[in-house]
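The structure presented is a predicted model; accordingly, all values stated were derived computationally and were not measured. Letters A, B, ... are given to chains in the order of the sequence lines, protein chains preceding strands, and every chain is numbered from 1.
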Amino acid sequence: MRNKASFKDRVLVVVSKIPKGKTLTYKQVAAMAGSPNAYRAVGNIMSKNKDPKVPCHRVIKTSGETGGYSGTGGRAGKVKILKKEGAI
DNA sequence: CGTATGACGTGCA
DNA sequence: GTGCACGCCATAC
């Protein structure tokens with residue numbers, strides 16, 4: 001189905017498909033979205049992400065760091081969640 | 001349409 | 001091991 005889903009929507013879908021206890025890197029998500037070099041846009045979209053159904057906290061940097069997070073506790077809260085999920 | 005912004009990545013000193 | 005600078009793409013205004 002050729003939805004008009006833009007890169008933004010596509011990324012949101014990919015991230016929402018991440019299973020619990022699993023983490024993907026911005027580059028991985030961008031690659032799954034169709035643009036392996038758009039990891040920049042991925043982070044940008046996440047920050048603007050208005051879909052609470054998208055576990056953006058499961059998206060981390062390629063370095064293995066948590067990166068950023070616009071949620072409760074910021075990066076600290078993100079790590080806390082990942083630990084709870086078992087991703088760490 | 002053009003500009004500015006951003007939760008990144010990589011290389012080099 | 002740390003810090004700085006550049007480059008990349010897409011979105012929003």
Peer 1: Judged by each residue's nearest nucleotide on DNA chain C, which is more toward the 5′ side, A:Tyr39 or A:Phe7?
Peer 2: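 Closest to the 5' end, via its nearest nucleotide, is A:Tyr39.
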Peer 1: Taking ILVMFWY side chains as joined if any heavy atoms are under 4.5 angstrom apart, and letting links pass through other members, which residues group with A:Tyr69?
Peer 2: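 Via sub-4.5 Å side-chain contacts, A:Tyr69 links to A:Ile81.
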Peer 1: Does any pair with a residue in residues 64-79 of chain A pass salt bridge (Lys or Arg N to Asp or Glu O under 4.0 Å), and if so which ones, sequence neighbours excluded?
Peer 2: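 Not a single pair qualifies under salt bridge (Lys or Arg N to Asp or Glu O under 4.0 Å).
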Peer 1: My understanding is that only residues two or more places apart in sequence, or in another chain, count here; which of them pass side-chain contact (heavy atoms from CB on, under 4.5 Å) with A:Asn37?
Peer 2: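 A:Asn37 satisfies side-chain contact (heavy atoms from CB on, under 4.5 Å) with no other residue.
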Peer 1: Pull out every residue in residues 54-62 of chain A that has a heavy atom closer than 4.0 Å to any atom of DNA chain B, ordered by number, or say none.
Peer 2: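 Listed by number, they are A:Cys56, A:Lys61, A:Thr62.
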Peer 1: Not counting sequence neighbours, list each pair that qualifies as a salt bridge (Lys or Arg N to Asp or Glu O under 4.0 Å) and has a residue in residues 6-23 of chain A.
Peer 2: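 Applying salt bridge (Lys or Arg N to Asp or Glu O under 4.0 Å) to every pair that reaches into residues 6-23 of chain A, excluding sequence neighbours, yields nothing.
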Peer 1: Grab the N/O contacts between the protein and nucleotides 1-6 of chain B below 3.5 Å, and write none if there aren't any.
Peer 2:
from: B:dG6; atom 1: N2; to: A:Arg40; atom 2: O; distance (Å): 3.2

Peer 1: Report yes if some heavy atom in the side chain of A:Met46 is under 4.5 Å from a heavy atom in the side chain of A:Val11; otherwise report no.
Peer 2: yes
Peer 1: Under the side-chain contact (heavy atoms from CB on, under 4.5 Å) test, which residues partner A:Ala38, sequence neighbours left out?
Peer 2: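 Per chain and number, A:Ala38 pairs via side-chain contact (heavy atoms from CB on, under 4.5 Å) with A:Phe7, A:Ser35, A:Ala41.
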Peer 1: Using a 4.0 Å cut-off to any heavy atom of chain A, which nucleotides of DNA chain C are the first and last in contact, reading 5' to 3'?
Peer 2: C:dG7 to C:dA12
Peer 1: Could you identify which residues of residues 16-27 of chain A place a heavy atom less than 4.0 Å from some atom of DNA chain B, listed by residue number, or say none?
Peer 2: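 Heavy-atom cutoff 4.0 Å gives A:Tyr26, A:Lys27.
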Peer 1: Quick one: list whatever passes side chain to side chain donor-acceptor pair (under 3.5 Å) with A:Arg58, sequence neighbours left out.
Peer 2: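 Side chain to side chain donor-acceptor pair (under 3.5 Å) check on A:Arg58 returns A:Glu85.
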Peer 1: Listed by chain and number, what are the side-chain contact (heavy atoms from CB on, under 4.5 Å) partners of A:Asn49, not counting sequence neighbours?
Peer 2: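 Partners of A:Asn49 by the side-chain contact (heavy atoms from CB on, under 4.5 Å) criterion, ordered by chain and then number, come out as A:Leu12, A:Asp51, A:Val54, A:Cys56.
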Peer 1: Who clusters with A:Leu82? Use side-chain heavy atoms, under 4.5 angstrom, across I, L, V, M, F, W and Y, and order the result by chain and number.
Peer 2: A:Ile60, A:Val79, A:Ile88
